Amino acid sequence: MTAWNDLLQLLQELADIQAAISLLDWDQQTKMPPKGAGARAYQLATLQGIAHERLTNSALRTALETAEREGNGPLPFTGGLATGLLRETRRAVERAVKLPTVFVKELAGASSRAFESWHRARAASQFSLFQGDLARLVDLKRREAAYIGYVATPYDALLDEYEPGQTTAATAAVLVRIRQPAVDLLTAIRQSGREPNRGILTQHFPTDQQWKFGLDVLQAMGFDFESGRQDTSPHPFTTSFSPADVRITTRVYENELPVALFGTIHEGGHALYEQGLAPELTRTPLASSPSLGMHESQSRLWENVVGRSAPFWHHWYPRLTAAFPAQLGNVSEEDFLLAINHVRPSFIRVEADEVTYNLHIILRFELEVALIEGALEANDLPDAWNQKMAELLGIVPERDADGVLQDVHWSYGSFGYFPTYTLGTLYSAQIAAALRRIFPDCEERIARGDLLFIREWLRERIHRHGATYQAEELLRRVTGEPLNPQYFLDYVQQKYALLYGL
Ligand code: MG
């Protein structure tokens, strides 16, 4: 049992260092004055160096190997929790030791240069300013995949970082299932002749009322303000230092109501996950979601399946009109609902609706796989991008800033990240279907303003387990079957048939 105690202590200290890194990062994105950036970069690099050293040193590896031989640890780390903890620790250690320190430094340097040049390239809408740094990053990511190892394709090794257990082939098979139905549904919606009045949402909505309304919704969702807070930042995100200290951010645009409203609900969904982790998992590798997709399933379930639904607004629309009587007093609930579910082909992924969003992801996934496998080179990206936009969405951006340069992910070297957004969406629809089976009166309850039963069910079935089970197994335990994209197709087809009178 000594090995287990050693292991737990080392993991707890590592978790503390990682929490400190997250706190410095949260501060940088919310409160830090601009001139603090220089010193902050050193602080973060030092702590990251310490964390990496502790993850790869012999003390942790020895304790891990001995604990693996022993099997069970001290309570509660027996049975499934012991298996999960050893699996997650082994996974983190393996990934870290397989990458030589000099390679990690080279990748970090290349990413920070690429991030800078991406910023300049996007501002000037000139891909050539980014192309060289991107090509170098793609090359480094191919090398990373070789270090990590893979069976079928180097992309597997990169995808596995964000969605453990998921393969490129399985992801491609799932995306193919939703590709044509999404294109067909988009066509049917465009031919329906129903045109939402989006002008409803772009009136002037004062920040204070928007902020207050968002807090009311968070409260109703069951967000615990004693264990979390909301601040503003240019890019909304959720971070957590323990289940009892979870931070979310949002941004408020006075002329674009949905940004803060749905941003808050989205991050609130992420936050409920973090607040719902079982306390005994705190300071261990189990105190997190098993994958980015599973985390995203919670934000999307709240934002889209709940937050953009008719029952939700049956309760909340009178409250919204009370907050904004001059802007919404004469707007019907039906017109508002249609406006927040406006489906149309658009250039920008983060502004896309539920129907077209996955087409943006399919585009990125196909390009990423081709880049990493060497079938496509960085200098061919803008053309390949525009060709796929025409194919999938029927539109072509005039500027690279609205096309291939729009996302930050590739400049960070985050290849394999995009598919987790769609996997999360598909998980969310499958989980919501299970919720409806358990609570047949689900919609009536939401229409009465009751959201807490959703949080309780999600907490019990998903949140509290952290990373004890991998995503696929967790999904099977919650819904009774492996990932099945049909739930998403049924959900969007039913929802939008009703909204657009198809
Ligand atoms: Mg998210």
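The shown structure was predicted, so the numbers you read here are calculated from the model rather than taken from an experiment. Start at 1 and go down the list; that is how both ligands and their atoms are numbered.
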Under 4.0 Å between a Lys/Arg side-chain N and an Asp/Glu carboxylate O for [X] and [Y]?
X: R229; Y: D245; result: no
X: E274; Y: R247; result: no
X: R40; Y: D25; result: no

query = Closer than 2.8 Å to the Mg ion (ligand 1), do we get an N, O or S atom from E296, backbone or side chain?
reply =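 Under 2.8 Å: E296 contacts the Mg ion (ligand 1) through an N, O or S atom.
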
key: Which atom of H270 approaches the Mg ion (ligand 1) most closely (N/O/S)   =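 Answer by atom name: NE2.
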
query = H266: which N/O/S atom is nearest the Mg ion (ligand 1)?
reply =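 It is NE2 of H266.
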
inquiry  = So, applying ring-ring contact (aromatic ring centres under 6.0 Å, His included) with F365, which one of Y155, F418, Y421 is it?
reply    =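 Going through Y155, F418, Y421 one by one, the ring-ring contact (aromatic ring centres under 6.0 Å, His included) with F365 is satisfied by Y155 alone.
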
